Amino acid sequence: MQPVFVDAQNTESQPGKRRKKKSIVWEHFTIETVGPGCRRACCKQCKQSFAYSTGSKVAGTSHLKRHIAKGSCPNVPRNQPPPDPSSSPFTSPPTAATETPKRRYRTATPTAPFFPFDSDRCRHEIARMIIMHDYPLHIVEHPGFVSFVHNLQPRFDLVNFSTVQGDCVATYLSEKDKIQKVIEGMPGRVSLAVDLYGSCQTTGYVYVTGQFVDSEWKIHRKLLNVVMEPYPDSDSAFSHAVSACLSDWNMEGRLFSITINQPVSEIGTESLRNLLSEKNPNILGGQLLLGNCLSRSISRIVSESLAANQETVKKVRDCVKYVKTSESLEEKFLTLKQQLQVPSTKTLAIDDQSQWNTTYEMLQSASELKEVFSCLDTTDPDYSKGPTREEWNVIENLCAYLKILYDTANLLTTSSVPTTNTFFHEAWKIQLELARAAASEDPVISGLTKPMQENFNNYWKNCCLILAIAVVMDPRFKMKLVEFSFTKIYGDDAQNYINIVDEGIHQLFLEYVALPVPLANGGGPVTGDLKMEDGDVGGEGGGGGGEAGLTDFDVYIMETASQQSKSELDQYLEESLLPRVHEFDVVGWWKLNKVKYPTLSKMARDILSVPVSTVVPEAVFEVGRPEMERYRCSLRAETVEALVCAKDWLRGEMVDAGNGMVKMEFPI
């Protein structure tokens, strides 16, 4: 007997005919009569059949809806709307002759939009998940994860370690192509930030980050390479990593400066200079080539200061720990604070000694609550004596000068890429305050700050010139802030240092003027003077004898000669300063003025993108050399680079898409 197909949705509710189906499920199924009293529902897409009725027994439509709405049907196109939530999951069975009584329908629970199962897409998302959250590649073989995925989607065949490793590398290569296109369209130069990571295997990993401005005048910061170095303390470790990066991204001849996270030996510095001078312009005789990392410099200063006062710091930490490890003691502490009417709003917290900002915040809070600590033994006989009055005085002074460093480091924790000019303000204020404190007659203050000032002075001497040139490129300050700050720092010797900056920026401008100009109309470089053939001057007597009518022209030439002799740089410096506003886009300003200052804008673009820090925002307050995770040290160097770089790129995409926020939505 051949099966008979019936369009279940279009049957009429008339005597002798089946009643019209109300559920939207019947848009996807037909009724197939396979035998006497036996009917099955057949999917229009995949032709799979399901039980529907046998005699008077009806199976209902819930299982049919699951086939469509849960993505079990392989042929349902993506984004197919689910069955109508307002329709009933149960429908009356078709009758042969008479109309059955009306049945009651219950409202179905709304369902989320479904997507057909896509095995390749699932593999892609697993790779992204591993990259974004630093999960081990072996997670795909962990029994708990295998069980979870099997229950979530039994049709997905989980991949093994080797396959997911390949998927992660494929994701990395796909993202790398996007970055490569941006770099190829980069009109200016790139500056590199180099950060050295240690490992449990005595090998090192050099993180090389590029910072540059693209053709749309948007500043970028991208992790370009993670280079494994077998001998990280060798003099050639940095030069090898930088060379590998420039070659990998085809950026030879386009390097502007390098910022390094630690002091480099003279041999190492010379190795870098020799390597780069072969194919890269020697900007200002190499004075801008190497710079120190501001974040690491500050962290070293703070670490040494805390170590020099470790006994006093430990006393404060023990006091805080005593209060915070017992709820009853903390309540007693707060009650005493109210009785003493201490106005501080600070709350106590035990510090994480690997993050120096938490130690500073702990000392700051405890210092403001020292009166409560001093009286705590009167209400709690078990409390041992805390710091003495002299020790609290040391803590207060230490916090006062750590705050200057803390506020500057906080500027480096933003997700946006800060321009170089921002940190001249911070650096000169630190240099001035520490120099004044080191010369203080108070032995406590001078004793605390003299080592800090000596350490920061090393950073200032190394990076002062590039920071000063960067702030000159800010039309709100130009040379005026350099003159003002240097006068305060250097006193009578200020003019000598001001002249160094002025001469440096003029020399740098001349080097940019001498750079090859773009091709004109597809031909060769524009050179020589434009000449006019005889007779080109129109009008009667144009070939000569018109001296009587050019007297005013001669006056005009004399008046404008001095103006014409001024360079773009001199014109820029002589113009009035812009009003100071908090939200000022200095790169955007140069974009708007690139026609007025065609050469100077190119110079500003490269200077303002020089990185002052080598570390990611979340690692700004870390103490000591960063370490590569133990698990990643067991992977191939190429895999480590793929995982770390791809994470940086994917995170950057999410930040850009969400305006600084990563949004994730889950169906309820």
Side-chain angles (χ1 to χ4, degrees), residues 172 176 179-180 182-184 186 188-199 203-213 219-297 417 420 459 462-463 465-466 606-607 609-616 619 625-626 628 637-638 640-642 644-645 648-649:
Y172 158 76
K176 185 176 182 179
I179 306 298
Q180 183 71 65
V182 177
I183 291 178
E184 288 174 354
M186 176 181 67
R189 299 175 181 175
V190 64
S191 291
L192 299 180
V194 183
D195 204 9
L196 177 62
Y197 278 56
S199 75
T203 57
Y205 293 83
V206 180
Y207 285 47
V208 185
T209 303
Q211 201 157 298
F212 58 91
V213 176
I219 190 168
H220 291 264
R221 181 182 175 90
K222 302 292 183 183
L223 179 60
L224 301 179
N225 293 95
V226 177
V227 183
M228 195 273 284
E229 290 292 339
Y231 306 100
D233 296 323
S234 67
D235 295 323
S236 61
F238 286 116
S239 59
H240 172 258
V242 170
S243 177
C245 174
L246 296 177
S247 176
D248 185 26
W249 294 90
N250 194 26
M251 294 190 302
E252 287 96 342
R254 307 187 69 181
L255 182 64
F256 186 77
S257 76
I258 303 175
T259 303
I260 299 182
N261 73 325
Q262 64 184 42
V264 182
S265 67
E266 292 185 8
I267 298 177
T269 301
E270 192 62 27
S271 175
L272 275 170
R273 293 189 192 279
N274 292 337
L275 168 72
L276 301 175
S277 62
E278 296 177 4
K279 296 183 179 180
N280 293 275
N282 209 8
I283 302 297
L284 279 184
Q287 294 182 74
L288 306 184
L289 182 60
L290 295 176
N292 291 345
C293 171
L294 178 59
S295 174
R296 297 293 187 207
S297 297
V417 184
T420 317
Y459 173 83
N462 186 270
C463 300
L465 182 59
I466 184 61
D606 293 338
I607 291 171
S609 59
V610 173
V612 297
S613 175
T614 64
V615 302
V616 292
R625 176 187 285 186
M628 179 66 74
E638 296 82 2
V640 174
E641 181 176 57
V644 177
C645 290
D648 177 78
W649 301 339

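Every value quoted in this text rests on a predicted model; they were computed, and no experiment measured them.
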Participant: Which one of T209, L246, N225, I260 satisfies the side chain to side chain contact (heavy atoms under 4.5 Å, CB included) criterion with L192?
Facilitator: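 Running side chain to side chain contact (heavy atoms under 4.5 Å, CB included) over T209, L246, N225, I260 with L192 returns exactly one hit, L246.
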Participant: Please collect all salt bridge (charged side-chain N to carboxylate O under 4.0 Å, His left out) contacts where either partner lies in residues 234-251, sequence neighbours excluded, each pair once.
Facilitator: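 Counting only pairs at least two positions apart or across chains, the salt bridge (charged side-chain N to carboxylate O under 4.0 Å, His left out) contacts touching residues 234-251 are K176-D248.
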Participant: Considering residues at least two apart in sequence or located in another chain, which fulfil the ring pair (Phe, Tyr, Trp, His ring centres under 6.0 Å) criterion with F238?
Facilitator: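 If we apply the ring pair (Phe, Tyr, Trp, His ring centres under 6.0 Å) test to F238, skipping adjacent residues, there are no hits.
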Participant: Hey, could you give me the CD/OG distance between Q211 and S613, rounded to the nearest 0.5 Å?
Facilitator: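 So the gap between those two atoms works out to 9.5 Å.
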Participant: Which pair of non-hydrogen atoms, one from T420 and one from I607, has the smallest distance, and what is that distance?
Facilitator: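 It is OG1-O, 3.1 Å.
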Participant: Does any N or O in the side chain of N261 come within less than 3.5 Å of the main-chain N or O of T614, such that one atom is a donor and the other an acceptor?
Facilitator: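 Not at all, since once roles are kept as given, no pair shorter than 3.5 Å links the two residues.
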Participant: I'd like to check the side chain to side chain donor-acceptor pair (under 3.5 Å) partners of T269; sequence neighbours left out, ordered by chain and number.
Facilitator: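 Partners of T269 by the side chain to side chain donor-acceptor pair (under 3.5 Å) criterion come out as none, since no residue qualifies.
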Participant: Could you grab the distance from atom OH of Y207 to atom SG of C645, nearest 0.5 Å is fine?
Facilitator: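 Result: 8.5 Å between the selected atoms.
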Participant: What verdict does the side-chain hydrogen bond (donor to acceptor under 3.5 Å, both in side chains) test give for S191 and S257, after you've listed the backbone C-alpha separation in whole Å, the side-chain angles of each residue and the deciding distance to 0.1 Å?
Facilitator: CA-CA 5 Å; S191 291; S257 76; 3.1 Å; yes
Participant: State the CD-OG1 distance between E229 and T203, to the nearest 0.5 angstrom.
Facilitator: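 The CD atom of E229 sits 10.0 Å away from the OG1 atom of T203.
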Participant: State which residues pass ring pair (Phe, Tyr, Trp, His ring centres under 6.0 Å) with W649; sequence neighbours excluded, sorted by chain then number.
Facilitator: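 By the ring pair (Phe, Tyr, Trp, His ring centres under 6.0 Å) rule, W649 matches Y172.
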Participant: Looking at OH of Y205 and CG of L196, how far apart are the two atoms once the value is rounded to the nearest 0.5 Å?
Facilitator: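 If we round to the nearest 0.5 Å, Y205:OH and L196:CG are 11.5 Å apart.
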Participant: Holding to side-chain contact (heavy atoms from CB on, under 4.5 Å), I want the full list of residues that pass it with N462, two or more places apart in sequence or in another chain.
Facilitator: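 Counting only residues at least two positions away or on another chain, N462 forms a side-chain contact (heavy atoms from CB on, under 4.5 Å) with N292.
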Participant: Do R296 and D195 have side chains that get closer than 4.5 Å, going by heavy atoms?
Facilitator: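 Yes; the side chains approach each other to less than 4.5 Å.
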Participant: Find the distance between CD1 (I267) and OG (S234) and round it off to the nearest 0.5 Å.
Facilitator: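 Between atom CD1 of I267 and atom OG of S234 there are 11.0 Å.
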Participant: What residues, two or more places apart in sequence or in another chain, satisfy ring pair (Phe, Tyr, Trp, His ring centres under 6.0 Å) together with F212?
Facilitator: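 Per chain and number, F212 pairs via ring pair (Phe, Tyr, Trp, His ring centres under 6.0 Å) with H220.
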